[in-house]
Amino acid sequence: MIDLYRIRTDTKAVIDGLYKRGVPHAAARIEAICKLDIEKRSTQSQLYNLAATLNRLNKEIGDALRLQGETALLEAKKSEITRLKESGKALTQKFKEHTSALLEQLYALPNLPHASVPMGSHADDNLIMYATPPSTKSGHLAHWDLVKNYDLVDFELGNKITGAGFPVYKGKGAKLQRALINFFLDQASKAGYIEMQPPILVNETSAYATGQLPDKEGQMYQIPLEKLYLIPTAEVSITNIYRDTILAETALPIKHVGYTPCFRREAGSWGADVRGLNRLHQFDKVELVQICHPDHSYANLEEMLTYVQGLVEQLALPYRIVKLCHGDLGFCAAMTYDIEVHAIAQNKWLEVSSISNFETFQSNRLALRYKDKNKKSCLLHTLNGSGLALPRILAALLEWNQTPEGIHIPKVLQPYTGFTIIH
RNA sequence: GGAUAGGUGGGUGAGUGGCUUAAACCAGCAGUUUGCUAAACUGCGGUAUGGAUUGUUCUGUACCGGGGGUUCGAAUCCCCCCCUAUCCGCCA
């Protein structure tokens, strides 16, 4: 949620930012918000003055009663209070309406892009920061054939048990998956991220706080009986650890890593890229979350990027780094880098990590703050990135490491798998 | 799922309708005393938001799990909801 204070004081820049992101009628929407804000505060002021008067009168009645005062005077005061309260009803109603309307309109606005975000409205406008030189190899089998040939992942079984997009990992396929999870967790621990195992169901408040609601309601699986949501990413659970929190400046930055399954309905987005492991309803992911001081968040974003880059390099996968343009940014993000690994048989880049700075967008909803030197509460910045998403890494590994003898396991994973090749 | 007990500030915890401006203690912060540490003493507290003034500060309002209600007046009485603990049941 964009900070109301920023809208109030830096109105033009807010409108510009929203236009860059392609928000229609941005100027009109911001003007409406400013108008509501002014009306709300004026109403609030009147309401508070009224309450102050009522408090004073009530205190006078109390004092008079103790001193055995005149009843006629008391009755006069009582009727005055009744009259004032009557006039306060409409005011209260107005205030409530203003407050909820204001919140609703603020919730509907996406984050403002950072100044360095490339112009553009489409994924084609994204900026490619780095790419491993392309390979000339050919004759590879796609991973969906490999998993069948080596009996590593069974999609039909998943269809039977649950439905499309819920595969069963089998034998060495399951072990390889588990090896990757452990490798990623251990690497993150070494880099100073504290490991967390959070719930994979969250309540409505949590889903609002990290921005999944109300924007992405249709994308999450829901448990209607308890009004809970299956997390689309561990970011939701882990970031919400710090909801309604005021942190000491000395505790920053906070760095967490967590492994969870992730669940996405991906309603309406089933197109050409869904074969095999490319897009699933349930998948595993190791997620990194940072909470940091506003002055350091962009330095930490770069550090996170370098860290994730190190992971794909250790796995010896060709990859590229993409800086998302305005139109491709997620709802909550101010800046995002994607890391995509290359899948040789498909000749496709697969997104395996999305590393974003949300600035104060989430912390404003979370009420996540720190005390500055003047003991004033200030919003912190939240960051997160995948480190990494499993199925597409698995797909790329299988496609690249296939040989006539079998599929070779990368060196760094061998201590985790306990085998060096899949026959 | 059933029964019981609960939910008060950073923590513990008092408070059955107005002498409560939420006591007291602990923790914290600032100051005084002391050669240092420690201790003692004094003072200050949170969060949100409005207004006035900006060197700063002054002031109002709300907040005792949440929402309604009764009343001139509610932490306190009434109703609904949520949550937690313990025991029973079920269970990896």
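Here is the naming used below: chain letters follow the sequence lines, and residue numbers restart at 1 for every chain. The structure presented is a predicted model; accordingly, all values stated were derived computationally and were not measured.
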Can you tell me how far [atom2] of [N] sits from [atom1] of [X], to the nearest Å?
X: A/Glu39; N: B/G50; atom1: CD; atom2: C1'; answer: 16 Å
X: A/Ile38; N: B/U49; atom1: CD1; atom2: C1'; answer: 17 Å
X: A/Arg56; N: B/G18; atom1: CZ; atom2: C1'; answer: 17 Å
X: A/Tyr48; N: B/G50; atom1: OH; atom2: C1'; answer: 6 Å
X: A/Leu50; N: B/G50; atom1: CG; atom2: P; answer: 19 Å
X: A/Lys59; N: B/G17; atom1: NZ; atom2: P; answer: 18 Å
X: A/Ile81; N: B/C72; atom1: CD1; atom2: P; answer: 9 Å
X: A/Lys40; N: B/U61; atom1: NZ; atom2: P; answer: 18 Å

With both distances kept under 3.5 Å, what pairs with [N], Watson-Crick or G-U wobble?
N: B/U12; value: B/A24
N: B/C29; value: B/G43
N: B/U4; value: B/A85
N: B/G60; value: B/U49
N: B/A92; value: none
N: B/C36; value: none

Which residue lies toward the 5' end of RNA chain B, A/Arg369 or A/Thr53, if each is placed at its nearest nucleotide?
-> A/Arg369
Assign each of A/Asn49 and A/Ser42 to its nearest nucleotide of RNA chain B by heavy atoms, then name whichever residue's nucleotide is nearer the 5' end.
-> A/Ser42
Pick the [atom1] atom in [N] and in [M], then give their distance to the nearest Å.
N: B/A62; M: B/A75; atom1: P; answer: 10 Å
N: B/G2; M: B/G15; atom1: C1'; answer: 33 Å
N: B/C80; M: B/G73; atom1: C1'; answer: 24 Å
N: B/U32; M: B/G51; atom1: P; answer: 38 Å
N: B/G89; M: B/A3; atom1: P; answer: 15 Å
N: B/G65; M: B/U8; atom1: P; answer: 6 Å
N: B/G45; M: B/A23; atom1: P; answer: 11 Å
N: B/A22; M: B/A74; atom1: C1'; answer: 13 Å

N/O (side chain, [X]) to phosphate O (OP1/OP2, [N]) under 4.0 Å:
X: A/Lys96; N: B/G68; value: yes
X: A/Asn55; N: B/C72; value: no
X: A/Lys85; N: B/G73; value: yes
X: A/Arg83; N: B/C72; value: no

State which of B/G18, B/G60, B/U49 makes the closest approach to the side chain of A/Asn58.
-> B/G18
Testing B/U61, B/C72, B/G50 for proximity to the side chain of A/Ala52, the answer is B/U61
If we only count heavy atoms from C-beta on, is the A/Leu230 to A/Met220 side-chain gap below 4.5 Å?
-> no
Verdict with supporting geometry, A/Asn384 and A/Leu288, side-chain contact (heavy atoms from CB on, under 4.5 Å) | CA-CA 5 Å; A/Asn384 70 50; A/Leu288 308 164; 6.0 Å; no
Under 4.0 Å between any heavy atoms, over every strand shown, what does A/Ser377 touch: base, sugar-phosphate, or nothing? Just pick one.
-> sugar-phosphate
Hey, would you say the A/Phe283 and A/Phe263 ring centroids sit under 6.0 Å apart?
-> no
How about A/His114 and A/Tyr298: are their ring centroids closer than 6.0 Å?
-> yes
Please determine, by modelled atom types, if A/Asp3 and A/Thr360 share a side-chain donor-acceptor pair under 3.5 angstrom.
-> no
Supply the atom-to-atom distance A/Tyr259 OH to A/Gln197 CD, rounded to the nearest 0.5 angstrom.
-> 9.5 Å
Just label B/G51 as syn or anti from its O4'-C1'-N9-C4 or O4'-C1'-N1-C2 angle, using within 90° of 0 for syn.
-> anti
Determine the minimum heavy-atom distance between A/His256 and A/Tyr193, stating which atoms define it.
-> O-CD2, 3.5 Å
